[in-house]
Every structure is written in structure tokens, then in C-alpha cells.
Amino acid sequence: MDETIINKVAESGLITLNLEDYYPRDEVVVLDMKDHLFMGLILKEKDFRATLQATDWQQYKDKNVAVTCTADAIIPVWAYMLVAGYLEPVAREIVFGNRETLLLNILLKNIALINAASYTNKRIVIKGCGDIQIPEAAYLEITKKLRPLCKEYNVWRGLQYSTNL
């Protein structure tokens, strides 16, 4: 019995798009504004500006930075602008929010850079089950981007395989 094994998946023309390939790999840092406040609670403008001037901003070089304030403090908008002014020349990406917000923001930017035209009239499977938990918003964005162009579009998560859209 000399039967040839045929890879039907390879012959199907399905293209697997793994969202993990677009997940941020660069270092992520959280800058907590409370560390620059008087007693961790009060923004005194003179002290705040002095603290920022004394900060070694090179520690954020080529890093993705989430700017937040975990203290229950009133932070005027100019303070966030001042921090962004120091970060912008050195940081790769700056986002207001926590680590998860930053990672999602970068992931969505990476998805936006996908050349959707290269998937025109193709059969696409979006792989979403792996080592990294991909946020739901990424599935929404990739669907919005590719669905209008694809011949077939499926989502594969583990053992579940959806019907064609």
C-alpha cells in the first residue's frame, strides 16, 4: 500500500493570519505621575517641574510608555502635556493609560499597517489561540480591515472554527 499523503489544508489556499505576529514586542514601561507629586498626592507646580527636570528621561529611550496616575489626585492637563514633552524625544510610543491600554494601542496601530490589498479575494483564517491573550478589539479591527476584500474569512480559536462570514 503506497498511498501518497495529501495536505488538503495546504491545497485549500487558506492564508493564516496570526494576530500574535502584530503584538508589541518592545519593552513597556509605566510612568506613574504619583511618583512626581508632593507626598504622592498633591501637585505643587514648582516642585513638580523640578522633579521632572531632575528625571533621567534617557531611561525611557526607545521604550513604549504608559502615562497614568494611580493616586486619587487632581492632575491638571498641562501636567500630562509637560510629561509628554519630556518623553516625546526619547520614547518610542506614549499613551495615556495603563500597560494594557498601551499594548492594545500599539497592537491596533500594527494592524492598521497591514496591507489589506494583498488579501483581496483570498481565503483568510485568523488565528487567535496561542501564547498571547489577544484583546477582543484586535479581532474587531482585523475584521473591519479584511472582511470587505476577502473571498472567505474565518476565525480559528483552538478547536472552534466559525462558519464563513
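Since the model is a prediction, treat every value here as computed from it, not as a measurement.
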**Student:** Looking only at the side chains, is there a donor atom on one of T70 and D32 sitting less than 3.5 Å from an acceptor on the other?
**Tutor:**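 Short answer, yes.
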**Student:** Looking at R49 and E45, is any side-chain nitrogen of the basic one under 4.0 Å from a carboxylate oxygen of the acidic one?
**Tutor:**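 Salt bridge flag = yes for R49 with E45.
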**Student:** I'd like to know if the side chain of K145 and the backbone of A112 have a donor-acceptor N/O pair within less than 3.5 Å.
**Tutor:** yes
**Student:** Can you say whether the rings of H36 and F48 are parallel (under 30°), tilted (30 to 60°) or perpendicular (over 60°)?
**Tutor:**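 The rings of H36 and F48 stand perpendicular, inter-plane angle above 60°.
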**Student:** Taking all non-hydrogen atoms of both residues into account, name the closest pair between A66 and L102 and its distance.
**Tutor:**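 Distance-wise, the nearest heavy atoms are N-CD2, 3.6 Å.
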**Student:** Do the non-hydrogen side-chain atoms of D21 and N110 ever get within less than 4.5 Å of each other?
**Tutor:**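 The answer is no; the side chains never approach within 4.5 Å.
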**Student:** Test of understanding: clusters of I, L, V, M, F, W, Y form through side-chain heavy atoms closer than 4.5 Å, transitively. Do I75 and F96 belong to the same one?
**Tutor:**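 They do share one cluster, since a chain of ILVMFWY contacts under 4.5 Å joins I75 to F96.
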**Student:** Go through it in stages, so that I can follow the logic: the residues are V28 and L103, the test is side chain to side chain contact (heavy atoms under 4.5 Å, CB included), and I'd like the CA-CA distance, side-chain angles, deciding distance and then a yes or no.
**Tutor:** CA-CA 8 Å; V28 171; L103 290 170; 3.6 Å; yes
**Student:** How many angstroms lie between atom CG of L108 and atom OH of Y22, to the nearest 0.5 angstrom?
**Tutor:** 13.5 Å
**Student:** Decide, yes or no, whether a salt bridge links R92 with D26 under the criterion of side-chain N to carboxylate O below 4.0 Å.
**Tutor:** yes
**Student:** I'd like to know whether V29 forms a side chain to side chain contact (heavy atoms under 4.5 Å, CB included) with N64, so could you lay out the CA-CA distance, the side-chain angles of the two residues, the decisive distance to 0.1 Å, and finally the verdict.
**Tutor:** CA-CA 6 Å; V29 177; N64 299 306; over 6 Å; no
**Student:** Evaluate the side chain to side chain contact (heavy atoms under 4.5 Å, CB included) criterion for residues Q58 and V90: first the C-alpha distance (whole Å), next the side-chain angles of each, then the deciding distance (0.1 Å), finally the verdict.
**Tutor:** CA-CA 7 Å; Q58 289 303 309; V90 294; 3.3 Å; yes
**Student:** Do any N or O atoms from the side chain of K63 and from the backbone of Q59 form a donor-acceptor pair under 3.5 angstrom?
**Tutor:** yes
**Student:** Specify the closest pair of heavy atoms between T55 and T51, including all atoms of both residues, with the distance to one decimal.
**Tutor:** OG1-O, 2.8 Å
**Student:** Within a strict 4.5 Å, meaning less than it, do heavy atoms of the L31 and V83 side chains meet?
**Tutor:** yes
**Student:** For K109 and E93: C-alpha separation, side-chain torsions, deciding distance, then whether salt bridge (charged side-chain N to carboxylate O under 4.0 Å, His left out) applies.
**Tutor:** CA-CA 11 Å; K109 281 186 176 186; E93 186 73 37; 2.7 Å; yes
**Student:** In Å, rounded to the nearest 0.5 Å, how long is the span from OG1 of T143 to CD1 of I126?
**Tutor:**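 Reported to 0.5 Å precision, the distance equals 6.5 Å.
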**Student:** Is it true that L87 and W78 fall in one hydrophobic cluster, defined by side-chain heavy atoms closer than 4.5 Å?
**Tutor:** yes
**Student:** Between the side chain of W57 and the main-chain N/O of P89, is any donor-acceptor distance below 3.5 Å?
**Tutor:** no
**Student:** Quick check: are there more than 12 heavy atoms from other residues, nucleotides or ligands sitting under 6.0 Å from CD1 of I74?
**Tutor:** no
**Student:** Over all heavy atoms of both residues, which pair between M33 and C69 is shortest? Give the atoms and the distance, please.
**Tutor:** CB-CB, 3.9 Å
**Student:** Can you measure from CD1 (I111) to CD1 (I134) and round to the nearest 0.5 angstrom?
**Tutor:** 8.0 Å
**Student:** Within the side chain of E20, is there an N or O that forms a donor-acceptor pair under 3.5 Å with the backbone of I132?
**Tutor:**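 Yes: the side chain of E20 pairs with the backbone of I132.
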**Student:** Could you state the interatomic distance from CD (E100) to CG (N105), rounded to the nearest 0.5 Å?
**Tutor:** 13.0 Å
**Student:** Quick one: do I106 and V95 satisfy side chain to side chain contact (heavy atoms under 4.5 Å, CB included)? Show the steps, please.
**Tutor:** CA-CA 9 Å; I106 297 167; V95 172; 5.7 Å; no
**Student:** Atom CG of L19 and atom CD1 of I142: how far apart are they, to the nearest 0.5 Å?
**Tutor:**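 L19 atom CG to I142 atom CD1 measures 6.0 Å (nearest 0.5 Å).
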